[in-house]
Amino acid sequence: MPIVTKDMDSAFQTAGANPGLEVWCIENQRLVSVSNSSHGKFYTGSAYLVLNAVFPKIGPPQYDIHYWLGNEAKKVDSSLASDKALDLDAALGSCSVQYREIQGQESQKFLSYFRPCLIPIEGVFTSKQGNLNGEYQVSMYTCKGDYVVHVKEVPFLRSSLNHEDVFILDTALKIFLFSGCNSTIQERAKALEVVQYIKENKHGGKCEVATIEDGKFVGDSDVGEFWSLFGGYAPIPRDSPCVQESETPPVKLFWINLQGKLCETGSNAFSKEMLETEKCYMLDCDGEIFVWMGRQTLLTERRTAIRAVEEFVRNEGRSNKTHLTFLSEGLESTIFRSYFTNWPKTVEPRLYEEGKEKVAAIFKHQGYEVKELPEEDNEPSIDCTGTIKVWRVDGDELSLLSVTELTKLYSGDCYIVQYTFPGNGRDETLFYAWLGSKCVTEDKAAAISHMSTMADSIRTSPAMAQIHEGKEPAQFFSILQRVIIFKGGTSSGYRKFIEEKGIVDETYNKNLVTLFRVQGTSPDNMQAIQVDQVSTSLNSSYCYILQNKASIYTWIGSLSSARDHNLLDRMVELLNPTWLPVSVREGNEPDIFWDALGGKAEYPKGKEIQGFIDDPHLFALKIARGDFKVKEIYNYTQDDLITEDILLLDCQREIYVWVGLHSAIKSKQEVLHLGLKFLEMDVLVEGLSMNIPIYIVTEGHEPPFFTRFFSWDHSNENIVGNSFERKLAILKGKPKTLEGHNRTPLKANSRPSTPNGHRNISVFSNGRGRSSSPILSSAGSDLRQSGDRLLSSSTPVVKKLLEGSPSHGSAEKTMPQSGSPATELSSSDETVSFPQKDRNVDGENMATYPYERLRVVSANPVTGIDLTKREVYLSNEEFREKFGMPKSAFYKLPRWKQNKLKMSLDLF
């Protein structure tokens, strides 16, 4: 909430009241507001102030303040911009993060505000701009960057060209794009966005565009015209070898005293306790410097600290590439906190509630009547009228569950859920691997392997997700609608584990005392979770069902709502419609109730507060020279989903790994491995659980629950080519599309439905319904549409699993496949196993490669191999050395054990 003071600059009195970008420029030593139409036009002789205000759906407003200094700006203007940034922070209640931006070295976040580009203009800003007439000035620019572009004007000379970068030559009638032979496809594609910007803003959309490739100059009139502008063709000299960078100096922490003197307090090892709230500090990380300002410091002390740090950077001869970031206590960035060993990784509920109050205050200030901020939208972003199949995993075996059992899960087991639903003009398929909290490692690995195999057999590239009990996404429960999760398990691996460990079998038994917690949002999204039958399992925010032999109690927590009470009644009827429960309100329990729970004990009685959830963040995942690198993409759009890349959308409660069609990694299991590796990186994703859901989404088959995070345009989904070729085709208005490929609608009978469009319902004795599996799954119809050739290439288990399913408790025959008998699964106990495919187990007639080149993270990876079977390319000798057995023995092991061994050797 802006704070108005008597001596505050009048330009700041309404600053930050609305979300979005505000820009000011220093003119005659005063701040002048820059109109929206001039955003992105920065003059090299001026200094600017930029405020970006974000109002998240949940949580307090977020403010970022940047002061931008042109290379030719006066020193007095630069100092004034720094001071005004601090004044603006004070006006916003000292709750912003501030950044210094130097022309040509701007941060990724700053450039993302001015997409597609920021092109500095020669001269000084004036609020009274006149019309510029005269001869069109030819300009040449260099473009660098994969996601946001650094655009720099260079002299219009042949000597400005090189083999590493992408150049734009802007003439009166034509714009030329010159791509150095060593530039990346992504850089060329991003440079085309700059070409489009120049064409629209400087040429009114009326000029030609030509692309020139470095080293190709035969048979193209545009090439000849381009070189003629430089006086004719001449070879571009090769760049001299890069000088190896010196060793990175240690990170140092300095206290800044009231006189602006820097006093070193430590290096490399820091703790939060070293930062005192009444002082300012400088954390020197060489390429980036942070200034931390305690909440008890005065404005004058902060100004002294900032000037001292800017003077330090000048006196030390630091590069212009050194970024300065100014942080107030309580607003520390993730990277800053990563340098301190004991920094808490969770947001206190109190701070979250304060943030909600601030947001409410801002709405009230704007004239709205605010009673209470709405809760997060829990409406599913997927059509929940589709069809479901569920398999229970038991090592290499899968059991297809009957309709009456498909929403009853056990904590000691793993399950695969296949959901087919109406998509964008076609049916889509989504796979879940649900991993119980008590499942054994073998079943977990087998579930992932089975799901990947099933997903790979479907030509429509279905989305798939790994989810853990207790961390299920709301969408999962919306799909299954009514779920009961029992303790214990039925898989042979789980039974063997508890027997070997001497653990008491907790598997649900209706004759024993049982306690269920009831939760959910509606009758079509409710769950009963079996919890420990003790008093400490209770919580005032929930309702419970206590089953005690002949007696049934429903316990109503004092903080539960009328909606919770309705769900409680419905869940009792679902569990057993013959039950006649005794309703007990919290505080009025009879002794027999506590006796059933082993006696009365303390349990949580406070209101559960939903933690702060930040807006989604998009990251690019890179594997270069054996290193795993992550790069955040700020203010992302659909255009940032580059076909050569793998990107990760972090929504905090779940993450999505998006795989481009031209990316290097194709195996879904390897992609899942990347997602898990991302969660291990505390620097960027601190506080995230390793058990949050991980979705894998393939380019061209993005489901609605992924596209909702973007302003999605389906019209460009089927354009062929790499990212540069696609953007060039769109720019020239000649995109080539994949007609009738990948996006053709599936057969209507792949989703049987009732006349009103709802999914099939099987009615039970309690009068309630549950969705049934269709005779044909979408996967099955896909295989049949494509003929025998595709079906024969799938594994035998996929054929069996996708050809039929039980319905209403009895088996139904599938439609016969041409040339093969109809397959029938008669009960939920029927299982199928994964036989081993014929393999060249001795490695005869197979190319072999060294182990170091076959590892998932290799400095010199092998290309053109099957990435899911890296081990087959090892020589027999090296295979025996690494695995401790010959190939023939390895391939006799169960699939989960093979995968476990491969993972331990970084081959999976």
Side-chain angles (χ1 to χ4, degrees), residues 393 395-396 398 431 433 441-442 444-459 461-462 464 466 623 626 646 657 659 661-677 696 698 789-799 801 833-908:
V393 177
D396 273 359
L398 295 177
F431 282 99
T441 304
E442 294 80 2
K444 187 183 299 184
I448 301 300
S449 178
H450 291 326
M451 178 177 66
S452 299
T453 302
M454 295 167 74
D456 286 340
S457 71
I458 300 178
R459 65 180 177 85
S461 296
M464 53 182 268
Q466 168 187 297
I623 298 179
I646 293 177
V657 184
V659 185
L661 292 177
H662 291 78
S663 62
I665 297 181
K666 303 298 182 184
S667 163
K668 286 185 171 64
Q669 293 196 48
E670 287 195 70
V671 174
L672 185 60
H673 177 70
L674 286 180
L676 292 170
K677 200 169 182 69
I696 297 174
T698 306
R789 181 185 58 80
L790 180 59
L791 184 60
S792 64
S793 66
S794 302
T795 57
V797 67
V798 175
K799 295 180 193 176
L801 294 177
S833 60
F834 277 90
Q836 297 298 324
K837 291 182 179 180
D838 294 333
R839 299 177 185 263
N840 184 2
V841 296
D842 295 322
E844 295 177 4
N845 303 320
M846 178 77 75
T848 60
Y849 300 95
Y851 166 71
E852 289 301 328
R853 293 194 63 194
L854 290 169
R855 295 176 62 216
V856 172
V857 181
S858 171
N860 181 25
V862 179
T863 58
I865 63 171
D866 185 343
L867 298 177
T868 65
K869 303 186 182 77
R870 296 173 184 269
E871 76 284 355
V872 302
Y873 299 96
L874 288 170
S875 67
N876 291 337
E877 294 76 16
E878 195 164 19
F879 187 98
R880 184 185 288 272
E881 176 190 340
K882 297 296 181 184
F883 286 91
M885 66 184 78
K887 290 182 179 179
S888 56
F890 175 79
Y891 289 119
K892 291 178 181 177
L893 298 174
R895 179 72 57 84
W896 64 264
K897 189 166 287 188
Q898 293 178 24
N899 291 342
K900 189 175 180 181
L901 287 171
K902 285 157 62 174
M903 289 175 71
S904 68
L905 293 170
D906 204 17
L907 292 173
F908 185 76

Straight-line distance of N876 CG to K887 NZ, nearest 0.5 Å: 5.0 Å

R870 side chain to L854 backbone, donor-acceptor under 3.5 Å: yes

For the OG atom of S449 and the CG atom of D396, what is their distance to the nearest 0.5 Å? 8.0 Å

Minimal heavy-atom distance between G395 and A446, with the atoms involved, is O-CB, 3.3 Å

Can you check whether D866 reaches V872 side chain to side chain, under 4.5 Å on heavy atoms? no

Run F883 and E871 through side-chain contact (heavy atoms from CB on, under 4.5 Å) and show every step you take. CA-CA 10 Å; F883 286 91; E871 76 284 355; 4.0 Å; yes

Grab the two heavy atoms, one from P462 and one from A455, that are nearest each other, plus how far apart they are. CD-O, 3.5 Å

Could you give the distance from CE (M454) to CZ (F431), rounded to the nearest 0.5 Å? 4.5 Å

Aromatic plane relationship, Y849 with Y873 - under 30° parallel, 30 to 60° tilted, over 60° perpendicular: tilted

Taking every non-hydrogen atom, the tightest pair across H450 and V393: CD2-CG1, 4.1 Å

Check E877 with R880, please: is the shortest side-chain N to carboxylate O separation under 4.0 Å? no

Please report the interatomic distance CD(E878) to OH(Y851), rounded to the nearest 0.5 Å. 9.0 Å

Should L907 and L874 be marked as a side-chain contact (heavy atoms from CB on, under 4.5 Å) after you check the CA-CA gap, both sets of side-chain angles, and the distance that decides it? CA-CA 11 Å; L907 292 173; L874 288 170; 4.2 Å; yes

Please report the closest heavy-atom contact between R853 and N860, naming both atoms and the distance. NE-O, 3.0 Å

Is the shortest side-chain heavy-atom distance between M885 and L901 below 4.5 Å? yes

Are the side chain of T698 and the backbone N or O of V659 linked by a donor-acceptor pair below 3.5 Å? no

Search all heavy atoms of I646 against all heavy atoms of S663 and return the closest pair with its distance. CG1-CB, 3.9 Å

